[in-house]
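Single-structure report; data block below.
First the proteins, then the strands, lettered A, B, ... as listed; each starts at 1.
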There are 2 protein chains.
Amino acid sequence: MPPRKRADAVRNEQTLLAAAAEVFVRSGVDAPIREIAAAAGVGMGTIYRHFPTRADLVVAVYRHQVEACAEAGPALLSTEDSAVAALRKWIDLFVDFLVTKHGLAGAMQSDSSGFASLHAYFLDRLGPVCGSLLDAAAEAGEIRAGVRPFELMRGIGNLCIGRDDDPCYDPRRLIALLLDGLSVQQ
Amino acid sequence: MPPRKRADAVRNEQTLLAAAAEVFVRSGVDAPIREIAAAAGVGMGTIYRHFPTRADLVVAVYRHQVEACAEAGPALLSTEDSAVAALRKWIDLFVDFLVTKHGLAGAMQSDSSGFASLHAYFLDRLGPVCGSLLDAAAEAGEIRAGVRPFELMRGIGNLCIGRDDDPCYDPRRLIALLLDGLSVQQ
DNA sequence: AACGATACGGAGCACTGTTCCGCTTTGTCA
DNA sequence: TGACAAAGCGGAACAGTGCTCCGTATCGTT
């Protein structure tokens with residue numbers, strides 16, 4: 001059995017995951033390793049030790065983000081003033097996460113089978129969370145009922161496609177529109 | 001009206017197109033500029049003057065290859081011993097060309113409209129050439145009749161997908177099989 | 001406290017895209 | 001033909017990047 005990991009190693013890994021996620025959102029998944037290292041406040045060697053290839057890092061960030069996103073759902077629901085506010089904040093996190101996700105798809109041209117399993121994991125983990133946020137907001141009468149979580153997630157995902165091509169295209173603006181349309185009415 | 005191009009400039013452009021095509025086949029469309037320049041026996045500055053961006057170069061090579069491929073059809077038919085030999089050699093050229101084509105698709109993530117028109121050009125120009133080779137071989141009784149050119153081109157194109165991923169995957173071997181199957185029988 | 005084992009940092013190397021400018025070749029015009 | 005702009009060429013030089021390697025620092029254990 002392998003010896004337990006050193007405390008600083010675990011700490012660095014967490015820091016890296018968080019920093020890389022931020023950098024990916026800001027500069028895309030092709031951001032220079034140096035930039036990620038700087039953001040995390042570690043040396044490049046540290047990154048390469050934890051994540052030998054870029055794909056390793058992206059995958060790890062992906063899983064980490066799925067987890068964070070999943071945990072944020074209930075947390076926001078108990079923190080925010082209204083269910084719809086929680087939903088909005090959650091979707092904000094979700095959009096950040098999609099950047100990594102789309103970058104991942106690009107970084108995985110070869111191993112598309114591994115990607116499929118990650119995608120399944122993503123749906124299983126996040127679908128219920130999104131569902132409970134929707135339910136809460138619907139029960140509170142803040143949005144219309146009957147919106148299916150997978151539908152919404154899929155739609156938001158699609159709105160986020162191709163964001164790099166055109167700096168004038170801001171998915172968040174459209175998503176905001178979508179959410180406004182969700183508000184109960186008619 | 002712009003002054004006529006200098007003789008050495010046109011010569012260099014042709015040399016470059018031919019050299020780049022070779023290098024693309026050997027090293028992919030992401031081959032270093034230096035490598036292409038060396039293969040063509042010119043300086044890097046020359047490449048950048050003729051083709052400011054990599055996409056420009058790839059597109060130019062693409063058109064050049066389509067043209068060469070189209071002209072090679074009739075030429076092979078009159079040079080080779082049999083129609084089927086001409087067909088085989090032509091398909092060999094065609095496969096080389098597909099490398100550029102697939103690389104092009106990758107290099108054109110953004111401008112997909114331009115890509116579509118190039119693809120149409122490709123079909124219009126090469127379909128009839130392939131058709132006449134097939135007809136000649138069929139008439140000579142060297143292959144079975146009834147194979148549609150677009151079908152064959154499409155099939156070969158698909159066999160060439162994903163060749164970089166796996167060094168063990170050699171599309172030409174499969175294509176040879178396909179051609180053997182084409183030989184008249186039954 | 002002492003001492004391996006483990007992990008860290010970042011200088012250094014290799015390779016790449018891209019620019020820029022002195023030099024060469026070409027075409028033209030007297 | 002010879003001279004002379006203009007057009008074109010080459011490749012050194014710069015900047016940015018991935019990745020390695022090893023001296024140093026930190027950790028956990030005894």
Side-chain angles (χ1 to χ4, degrees), chain A residues 1-20 22-61 100 103-104 106-111 164, chain B residues 1-20 22-61 100 103-104 106-111 164:
Chain A
M1 131 177 199
R4 195 171 101 265
K5 258 192 175 178
R6 260 171 57 167
D8 54 348
V10 226
R11 200 182 334 118
N12 268 322
E13 191 162 327
Q14 292 306 311
T15 312
L16 258 174
L17 252 20
E22 269 185 42
V23 174
F24 286 166
V25 172
R26 184 172 58 238
S27 314
V29 282
D30 287 329
I33 298 286
R34 281 170 175 75
E35 185 177 341
I36 301 171
V42 305
M44 286 177 303
T46 303
I47 296 193
Y48 280 104
R49 192 164 326 95
H50 287 292
F51 312 102
T53 75
R54 193 178 211 88
D56 291 332
L57 175 59
V58 181
V59 169
V61 170
T100 310
L104 177 72
M108 277 195 132
Q109 307 132 314
S110 46
D111 177 22
D164 327 323
Chain B
M1 130 174 199
R4 195 170 103 264
K5 257 193 177 177
R6 263 171 53 167
D8 56 346
V10 286
R11 199 180 336 117
N12 268 323
E13 192 161 326
Q14 292 306 309
T15 312
L16 259 174
L17 252 20
E22 268 185 43
V23 174
F24 286 167
V25 172
R26 185 172 55 238
S27 315
V29 282
D30 287 329
I33 298 286
R34 280 169 177 75
E35 186 176 340
I36 301 170
V42 305
M44 289 176 301
T46 303
I47 296 192
Y48 279 103
R49 190 163 328 92
H50 288 293
F51 311 102
T53 76
R54 191 177 214 90
D56 291 331
L57 175 59
V58 181
V59 169
V61 170
T100 310
L104 176 73
M108 276 194 131
Q109 304 134 317
S110 44
D111 176 22
D164 327 322

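- The distance from the CZ atom of A/Arg49 to the CG atom of A/Asn12 is 9.0 Å, given to the nearest 0.5 Å.
- Taking side-chain N and O atoms only, A/Thr46 has no distance below 4.0 Å to OP1 or OP2 of C/dA7.
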Original post:
Hey, mind stepping through A/Val61 and A/Leu16 against side chain to side chain contact (heavy atoms under 4.5 Å, CB included) and telling me if it holds?
Top reply: CA-CA 9 Å; A/Val61 170; A/Leu16 258 174; over 6 Å; no

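- The side chain of A/Val42 has C/dG9 as its nearest neighbour among D/dG18, C/dG9, C/dG27.
- In this entry the distance linking CG of B/Asp30 with P of D/dT17 reads 17 Å, nearest Å.
- Going from atom CZ of B/Phe51 over to atom C1' of C/dG17 covers 17 Å, rounded to whole Å.
- At a cut-off of 3.5 Å, with distance as the only test, a side-chain donor of A/Thr53 or A/Asp56 sits close to an acceptor on the other residue.
- The side chain of A/His50 contributes no N or O atom lying less than 4.0 Å from OP1 or OP2 of C/dA7.
- The NZ-C1' distance, from B/Lys5 to C/dT25, rounds to 16 Å in whole Å.
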Subject >> Intra- and interstrand pairs of DNA chain C - dot-bracket, Watson-Crick/G-U under 3.5 Å, | marks other strand >> reply: ||||||||||||||||||||||||||||||

**OP:** Start with the C-alpha gap between A/Val59 and A/Phe51, add the side-chain angles, then the distance that decides, and say whether side chain to side chain contact (heavy atoms under 4.5 Å, CB included) holds.
**Re:** CA-CA 10 Å; A/Val59 169; A/Phe51 312 102; over 6 Å; no

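- Shown here for B/Ala9 and B/His50, the closest heavy-atom pair between the two residues is O-CE1, 3.5 Å.
- Of the residues in residues 8-17 of chain B, those placing a heavy atom less than 4.0 Å from an atom of DNA chain C are B/Asp8, B/Arg11, in numerical order.
- Under a 3.5 Å cut-off, the side chain of A/Arg54 and the backbone N or O of A/Val29 do form a donor-acceptor pair.
- DNA chain C is contacted by both B/Glu35 and B/Ala7; B/Glu35 maps to the nucleotide lying nearer its 5′ end (nearest heavy atom per residue).
- Nearest heavy-atom pair across A/Val23 and A/Ala31 is CG1-CB, 3.5 Å.
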Enumerate the protein-to-nucleotides 18-20 of chain C contacts in which both atoms are nitrogen or oxygen and the separation is below 3.5 Å.
{"residue": "C/dT18", "atom": "OP2", "partner": "B/Tyr48", "partner atom": "OH", "Å": "3.1"}

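- Here the shortest heavy-atom pairing between B/Ala20 and B/Leu57 reads CB-CD1, 4.1 Å.
- Under the 4.5 Å side-chain criterion, counting only non-hydrogen atoms from C-beta, B/Asp8 is in contact with B/Arg11.
- Under the 3.5 Å distance criterion, the side-chain polar atoms of B/Thr46 are left unmatched by any main-chain donor or acceptor of B/Val42.
- Under the 4.5 Å side-chain criterion, counting only non-hydrogen atoms from C-beta, B/Ile33 is in contact with B/Tyr48.
- For the pair B/Arg4 CZ and C/dT28 C1', the interatomic distance rounds to 11 Å; values are reported in whole Å.
- Distance, B/Arg6 CZ to D/dA5 C1': 11 Å, rounded to whole Å.
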